[in-house]
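Let me begin by handing over the structure; questions about it come next.
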Amino acid sequence: MSRVFRAFRHRNYKLFFFGQVGSMVGMWLQVTAMAWLMFRLTESAAAVALMTFAWQGQGLLLGPIAVAFADRHDRRLILIITQSLSVVPASLLGLLTVTGVVVPWHIVLLAFFAGLARAFEIPTRQAFILDLVRSEDLTNAIGLNSALFNGARLIGPALAGALIPWVGEGWCFLANALSYLLIVAALIAIRMPATEAREPSGRSLFGEIQEGLHHVRHAPPLLALLSGLAVVAIAGMPYAVLLPSFASRHLGGGPDTFSYLQVAVGFGALIGAVSLAWRGRVHGLERWVVAATASFGVLLFALSLAGSVVTAMLILVPMGFSFMIQLATTNTLIQTLAPRRMRGRIMSLHTTLFLGLSPLSGLGWGALADRYGEAAVLGSGGVLVVLGSIFSGKAVLRYTPPALAALSAPRDSATPETGGRNTRTFSG
């Protein structure tokens, strides 16, 4: 078991990990309750997609800016501020819902303000992980973080499914507001070494963003990995905005059915995250990326054919596994291949594709589902993901192994808390 939890030997990472437990569960509690509340008030998949876009769509424009900002400033302080600010929209949404005055535009507006903090928090948190561990523990740390994220994805929706019929959505939002206290306390307790101070690069903020884009354009491994992620973000990931309407209109269920579907996805994703944490090694992950992308598309098509809750859950478990492997291994490979000084900016592209393109595409998915039905839209998305995986997969398998082999050169020295890595670039 020590192999699975070896990143815990770093005090700062252990604090960060356990500090996230409450906020992760609270986030999934709120996400599930917010999506169901929006569908209950509107009975429209397009409305759920609009709410999701308000919450996540800022990543499309703010992702690169947020991470370039994080590369220039104290990441720990940014996380403390964003987590503290996230309390406000959760509290307001909870009060509006508990008092019975909430309307759809309240949800969209407060989701937007919550998303502003999230747009800065997520890419900063991703880049912050390697500030806490050695480079050789990066894959394990990302796997553990993914396991935590998806363990919360099991608990949060399950709690929502139990609480919504009993006390309503509002108390889910208020519970999420309280959950941020634990992560803020953990971040305050983390002690970063003085060597982590950021040195000015001499470039403007937008100059640094442009430098990161230029590096990716001339690094075929990174370009191939990001292309594969874009395929999933556009054609596959928006399935999540259809789950409330799929549970209600296609399967004839209620909030409990919706929570069951969420739990099934989370269970599969948790298995995937633990598998990645157990594996540990980076070499060979490119094959995992390609296989996971293709299988995700096949399972998405299979979901469109599901006629019962049990069948849908049985499909969603391996589908969650495939999606988690695709996302986490892409994350790991990009962080491994990116030069340390530009890691945040390059990871911002990962975040922009995942959190920006996905909700933008979801707007179209929601509108099409209201017109043609969820099954037709899910099936079409699955076919597109499979086709996209063929083209992106060829490039990933061609360019990534040589780039990983180049990292076998001796790493620079590092302290246990900061990590160290070779910072050479790749031009193909």
Original post:
Within a strict 4.5 Å, meaning less than it, do heavy atoms of the His10 and Val133 side chains meet?
Top reply: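 Yes, at least one pair of side-chain atoms sits under 4.5 Å.
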
Original post:
Any side-chain heavy atom of Leu110 sitting closer than 4.5 Å to one from Phe173?
Top reply: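 Counting from C-beta outward, Leu110 and Phe173 never come under 4.5 Å.
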
Original post:
Where the side chain of Thr124 meets the backbone of Phe120, is there a donor-acceptor pair that is under 3.5 Å apart?
Top reply: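 Answer holds: yes.
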
Original post:
So do the side chains of Trp365 and Leu378 get within less than 4.5 Å of each other, counting heavy atoms only?
Top reply: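 Yes. Closest side-chain heavy atoms under 4.5 Å.
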
**OP:** Look up atom CG in Leu225 and atom OG1 in Thr332, then write down how far apart they are to the nearest 0.5 Å.
**Re:**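 Taking CG in Leu225 and OG1 in Thr332, the distance rounds to 10.5 Å.
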
Original post:
Has the side chain of Asp370 got a donor or acceptor atom that lies under 3.5 Å from a matching backbone atom of Ala46?
Top reply: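 Pair found, side chain donor or acceptor close to backbone of Ala46.
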
Original post:
Would you say Asn145 and Tyr13 make side-chain contact, with heavy atoms under 4.5 Å?
Top reply: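 Contact flag for Asn145/Tyr13 side chains = yes.
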
**OP:** Identify the heavy atoms of Ala33 and Cys172 that sit nearest to each other, and give their distance.
**Re:**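 Result for this residue pair: CB-CB, 3.8 Å.
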
Subject >> Atom pair CG (Asp74) and CZ (Phe128), whose distance is rounded to the nearest 0.5 Å >> reply: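 So the gap between those two atoms works out to 7.5 Å.
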
Subject >> N/O donor-acceptor pair under 3.5 Å between Ser361 side chain and Leu357 backbone >> reply: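 No, the answer is negative, given that no donor and acceptor are paired below the 3.5 Å cut-off.
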
Original post:
Taking side chain as C-beta onward, heavy atoms only, is Leu85 less than 4.5 Å from Thr82?
Top reply: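 SC-SC contact between Leu85 and Thr82 ruled out.
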
**OP:** In sequence, state the C-alpha distance, the side-chain angles, and the governing distance for Gln326 and Leu229, and then conclude on side-chain contact (heavy atoms from CB on, under 4.5 Å).
**Re:** CA-CA 8 Å; Gln326 202 281 341; Leu229 181 62; 3.7 Å; yes

**OP:** Determine whether Ser179 and Val25 make a side-chain contact, defined as any pair of heavy atoms from C-beta on separated by less than 4.5 Å.
**Re:**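 In short, these two side chains do not touch, never coming nearer than 4.5 Å.
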
Original post:
Do Phe113 and Leu116 come close enough that some side-chain heavy atom pair is under 4.5 Å?
Top reply: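 Side chain of Phe113 against side chain of Leu116, heavy atoms only: contact under 4.5 Å found.
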
**OP:** Give, for atom CG of Leu387 and atom OG of Ser392, the distance between the pair rounded to the nearest 0.5 Å.
**Re:**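 Here the interatomic distance stands at 11.0 Å.
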
Original post:
Between Phe296 and Val232, what is the shortest heavy-atom contact and its length?
Top reply: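 Looking at all heavy atoms of both residues, the closest pair is CE2-CG1, 4.1 Å.
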
**OP:** Answer yes or no: are there more than 12 heavy-atom neighbours, outside Phe17 itself, under 6.0 Å from its atom CZ?
**Re:**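 Enclosed: over 12 neighbouring heavy atoms sit under 6.0 Å from CZ of Phe17.
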
Original post:
If we only count heavy atoms from C-beta on, is the Val48 to Ser245 side-chain gap below 4.5 Å?
Top reply: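 They are not in contact (no side-chain heavy atoms under 4.5 Å apart), so the answer is no.
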
**OP:** Would you sort out whether Leu333 and Thr330 count as a side-chain contact (heavy atoms from CB on, under 4.5 Å), showing the intermediate values?
**Re:** CA-CA 5 Å; Leu333 288 168; Thr330 300; over 6 Å; no

Subject >> Ala312 versus Leu251, closest heavy-atom pair with distance >> reply: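 Answer, listing the atom of Ala312 first, then Leu251: CB-CD1, 4.2 Å.
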
Original post:
Considering the options Val310, Val309, Val317, which one meets the side chain to side chain contact (heavy atoms under 4.5 Å, CB included) requirement together with Met313?
Top reply: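 Answer to the side chain to side chain contact (heavy atoms under 4.5 Å, CB included) test with Met313 among Val310, Val309, Val317: Val309.
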
Subject >> Leu316 side, atom CG; Leu300 side, atom CG - distance, nearest 0.5 Å >> reply: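 Reported value, rounded in 0.5 Å steps: 9.5 Å.
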
Original post:
Under the side-chain contact (heavy atoms from CB on, under 4.5 Å) criterion, do Phe323 and Met319 qualify, and how do the steps go?
Top reply: CA-CA 6 Å; Phe323 175 71; Met319 189 169 142; 5.8 Å; no

**OP:** For the pair Met27 and Phe149, evaluate side-chain contact (heavy atoms from CB on, under 4.5 Å) and give the outcome as yes or no after the intermediate values.
**Re:** CA-CA 10 Å; Met27 182 199 72; Phe149 181 85; 3.7 Å; yes

**OP:** Looking only at non-hydrogen atoms, find the nearest pair between Gly266 and Leu154 and report the distance.
**Re:**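 Distance-wise, the nearest heavy atoms are C-CD2, 3.6 Å.
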
Subject >> Minimal non-hydrogen separation, Trp28 against Thr32, with atom names >> reply: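 It is O-OG1, 2.9 Å.
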
Subject >> Between CG on residue Leu79 and OG on residue Ser84, distance to nearest 0.5 Å >> reply: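 Going from the CG atom of Leu79 to the OG atom of Ser84 covers 10.5 Å.
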
Original post:
Can you tell me how far the CG atom of Leu303 sits from the OH atom of Tyr239, to the nearest 0.5 Å?
Top reply: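 So the CG of Leu303 and the OH of Tyr239 are separated by 8.5 Å.
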
Original post:
Run the ring pair (Phe, Tyr, Trp, His ring centres under 6.0 Å) check on Phe258 and Phe39 step by step: do they pass?
Top reply: CA-CA 11 Å; Phe258 175 43; Phe39 183 74; 8.8 Å; no

Original post:
Considering all heavy atoms of both residues, which atom of Ala189 and which atom of Arg11 are nearest to each other, and what is their separation?
Top reply: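 That closest heavy-atom pairing would be O-NH2, 3.2 Å.
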
